[in-house]
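Only a predicted model underlies this, so the values are computations on that prediction, with no experimental measurement involved.
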Amino acid sequence: HYTLTGINLKASNIASGHPFPLEFQVVFNSRQPHINAALDLNTQVQFDTALEHINLDKGTLSARISGAGLSGTIDAETQWQKIALDTKAGTAKLQALNTTLADTTLHLDATANGLRTKPAIDGHLTIDPFSPRKLLATLGNPLPTSLQGLNRASLDTDLHYADKGVSLDHMNLKLDNSKLTGTLAV
């Protein structure tokens, strides 16, 4: 059983070719598994009359999530400078997307192609130094105290996705006092 409540959509001065503010709030609930998520979106939208070019500028998506084995309420926030979608060409561009979840911050700049046929993504991904131990505990999966390490990690890599899989190139992964560099492909 799923419910959506508190639905609120606010936009003003909507006109093709001109940016306008968009606000959207909703609360999602499910019984099995028990999940409660309050979402809040704020951005500037611009589109053309054919809806071939859609831009979301200077946006923020915030979420407060609880339930399903989580240890309390988790706050997450994603901000971006620009999300540009070209529906005719089947491309998208993400500029300066930053997501923070439980003291973990991810930065992504990426371009997607072939969205209508064979999606492919190229970009750069950075995860600021964080504690994997603390993140897992916040997500309801604490590590046993007997397991040492996993106190500090960071990642800086080029990211590629295509039909053959995902690869991390020029990867620089730091975990506690160890450093792993190179390429990882799955």
Shortest non-hydrogen contact from [X] to [Y]?
| X | Y | answer |
| --- | --- | --- |
| W80 | L56 | NE1-O, 3.1 Å |
| F130 | L135 | CE1-CD2, 3.9 Å |
| S71 | A137 | OG-O, 2.9 Å |
| T117 | P119 | O-CD, 3.6 Å |
| V45 | T43 | CG2-CG2, 3.8 Å |
| I54 | L51 | CD1-O, 4.0 Å |

**Report entry** Verify same cluster id: L9, V26 (apolar side-chain graph, 4.5 Å)
**Finding:** yes

Query raised in the report: Are I121 and I83 connected in the hydrophobic side-chain network, where two residues link if heavy atoms are under 4.5 Å apart?
Result: yes

Tell me every residue that passes side chain to side chain donor-acceptor pair (under 3.5 Å) with [X], counting only those two or more places apart in sequence or in another chain.
| X | value |
| --- | --- |
| T181 | none |
| D176 | none |
| N98 | H107 |
| T87 | none |

Query raised in the report: Is a side-chain N or O of Q46 found less than 3.5 angstrom from the main chain of G17, in a donor-acceptor match?
Result: yes

Query - Donor-acceptor pair, side chain of T157 and main chain of D169, under 3.5 angstrom - result: yes

Requested in this report: Sort and list the pairs that fulfil side chain to side chain donor-acceptor pair (under 3.5 Å) and have at least one residue in residues 56-65, not counting sequence neighbours.
Outcome: D57-K82, S62-E77, R64-D75

Report summary line: For residues 2-20, the side chain to side chain donor-acceptor pair (under 3.5 Å) pairs (sequence neighbours left out) are N8-Q25

In the structure I gave you, are the side-chain heavy atoms of [X] and [Y] within less than 4.5 Å of one another anywhere?
| X | Y | result |
| --- | --- | --- |
| L180 | L175 | no |
| F47 | I14 | yes |
| L41 | L39 | no |
| T183 | M171 | no |
| T104 | T138 | no |
| T111 | T91 | no |
| S131 | R152 | no |

Query raised in the report: Would the number of heavy atoms belonging to other residues, nucleotides or ligands and lying under 6.0 Å from CG of N177 be above 12?
Result: no

Query raised in the report: Going by the salt bridge (Lys or Arg N to Asp or Glu O under 4.0 Å) test, which pairs reach into residues 90-109, not counting sequence neighbours?
Result: D103-K134

Would you compute the distance between atom [atom1] of [X] and atom [atom2] of [Y] and round it to the nearest 0.5 angstrom?
| X | Y | atom1 | atom2 | answer |
| --- | --- | --- | --- | --- |
| I127 | T105 | CD1 | OG1 | 10.0 Å |
| H124 | D158 | NE2 | CG | 6.0 Å |
| L85 | L115 | CG | CG | 7.0 Å |
| Q44 | L22 | CD | CG | 9.0 Å |
| I35 | S66 | CD1 | OG | 9.5 Å |
| L101 | T99 | CG | OG1 | 8.5 Å |

Requested in this report: Carefully, step by step, assess L108 and L159 under the rule side chain to side chain contact (heavy atoms under 4.5 Å, CB included).
Outcome: CA-CA 9 Å; L108 177 66; L159 170 70; 4.3 Å; yes

Requested in this report: Indicate whether any N or O donor in one side chain lies under 3.5 Å from an N or O acceptor in the other, for N29 and H1.
Outcome: no

Query raised in the report: Side-chain donor-acceptor pair under 3.5 Å between D156 and T126, yes or no?
Result: yes

Query - side chain to side chain contact (heavy atoms under 4.5 Å, CB included) involving L143 - partner list, sequence neighbours excluded - result: R133, L136, L147, L150

Report summary line: Apart from V186 itself, members of its ILVMFWY cluster (side-chain separation under 4.5 Å) are none

Output all residues satisfying salt bridge (charged side-chain N to carboxylate O under 4.0 Å, His left out) with [X], sequence neighbours left out; order by chain, then residue number.
| X | result |
| --- | --- |
| K174 | none |
| R116 | none |
| D128 | none |

